[in-house]
Amino acid sequence: MNTPWHIQNLEGKPITVGATVLTPQARLITIGRRQGEVTKQGWGGWGWALALLAPKAIIVRARDQCAGEEPKRIPIPDRTGQALAVMAIVGLAVALLSVFVQMFSRSSSAGRKGD
């Protein structure tokens with residue numbers, strides 16, 4: 001199936017610090033379209049793509065860790081995403097508030113004109 005979006009969980013290159021091995025994890029989300037064609041007059045194509053790479057966690061393993069032992073996973077919170085969500089909600093609230101203020105001011109001024 002040829003979908004325009006793909007989600008991949010990636011593991012980076014392990015980093016050894018003393019007796020500990022740190023492995024970064026990230027999520028890659030790609031969205032894109034492409035098309036190409038070959039005709040008698042020549043060939044051509046077009047395409048676009050968008051990629052979002054976000055760190056998700058650090059996997060901590062001891063160098064002498066047993067095979068059956070689970071490594072420790074330290075999640076990385078997405079503070080930028082949280083900040084953008086708060087800004088979007090505040091912006092929407094301000095826009096709605098301004099619409100209500102305009103509606104209230106029009107209705108109260110229309111009531112005064114009739115007096």
Side-chain angles (χ1 to χ4, degrees):
M1 187 169 160
N2 189 9
T3 61
W5 53 273
H6 299 282
I7 299 174
Q8 298 174 344
N9 291 318
L10 307 173
E11 282 199 4
K13 184 187 296 186
I15 302 166
T16 303
V17 179
T20 306
V21 178
L22 306 174
T23 307
Q25 284 186 334
R27 177 170 294 141
L28 176 64
I29 301 172
T30 55
I31 303 170
R33 282 281 190 200
R34 64 193 177 282
Q35 182 176 348
E37 58 184 34
V38 178
T39 63
K40 292 179 184 177
Q41 288 80 26
W43 54 273
W46 61 269
W48 61 270
L50 174 69
L52 173 66
L53 180 65
K56 290 296 172 191
I58 299 290
I59 305 298
V60 180
R61 291 183 183 95
R63 197 182 293 175
D64 57 351
Q65 187 172 356
C66 298
E69 192 177 341
E70 284 290 317
K72 184 177 178 185
R73 184 176 190 272
I74 302 172
I76 300 172
D78 185 8
R79 300 286 186 222
T80 303
Q82 293 170 352
L84 289 173
V86 167
M87 287 189 284
I89 291 169
V90 168
L92 182 61
V94 168
L96 288 174
L97 182 63
S98 68
V99 167
F100 288 135
V101 167
Q102 285 181 345
M103 289 172 49
F104 178 72
S105 66
R106 285 183 188 162
S107 64
S108 64
S109 66
R112 278 189 253 134
K113 286 182 183 177
D115 288 342

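These values consider heavy atoms only, across backbone and side chains, with no hydrogens, waters or symmetry-generated copies.
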Exercise. In terms of heavy-atom contacts, does CH2 of W5 have more than 12 from other residues, nucleotides or ligands at under 6.0 Å?
Worked result: no

Exercise. Same cluster or not: are L28 and I76 linked, directly or through other Ile, Leu, Val, Met, Phe, Trp or Tyr residues, by side-chain heavy atoms under 4.5 angstrom apart?
Worked result: no

Exercise. Does a side-chain heavy-atom distance below 4.5 Å link I58 with T23?
Worked result: no

Exercise. Would a hydrophobic clustering, with Ile, Leu, Val, Met, Phe, Trp and Tyr connected at side-chain separations under 4.5 Å, put I29 with W48?
Worked result: yes

For this session: State plainly whether one hydrophobic cluster holds both I74 and V21, where clusters connect Ile, Leu, Val, Met, Phe, Trp and Tyr through side-chain heavy atoms under 4.5 angstrom apart.
Result: no

Problem set entry | Interatomic spacing from CG in L84 to CG in D78 - rounded to 0.5 Å | 8.0 Å

Seminar exercise, completed: Closest heavy-atom pair, P71 versus R61, reported as atoms and distance to 0.1 Å, is CB-CG, 3.4 Å

For this session: Mind running side-chain contact (heavy atoms from CB on, under 4.5 Å) on M103 and V99 for me, showing each step along the way?
Result: CA-CA 6 Å; M103 289 172 49; V99 167; 3.9 Å; yes

Seminar exercise, completed: Value for CG (L97) from CD (Q102), rounded to nearest 0.5 Å, stands at 10.5 Å

For this session: Working to the nearest 0.5 Å, report the span between NZ of K72 and OG1 of T20.
Result: 10.5 Å

Exercise. Between CD of E70 and CD1 of I59, what distance do you get to the nearest 0.5 Å?
Worked result: 9.5 Å

For this session: Would you give the length of the straight line joining atom CD1 of I7 to atom CZ of R27, rounded to the nearest 0.5 angstrom?
Result: 7.0 Å

Problem set entry | Euclidean distance, W46 CH2 relative to R34 CZ, rounded to 0.5 Å | 10.0 Å

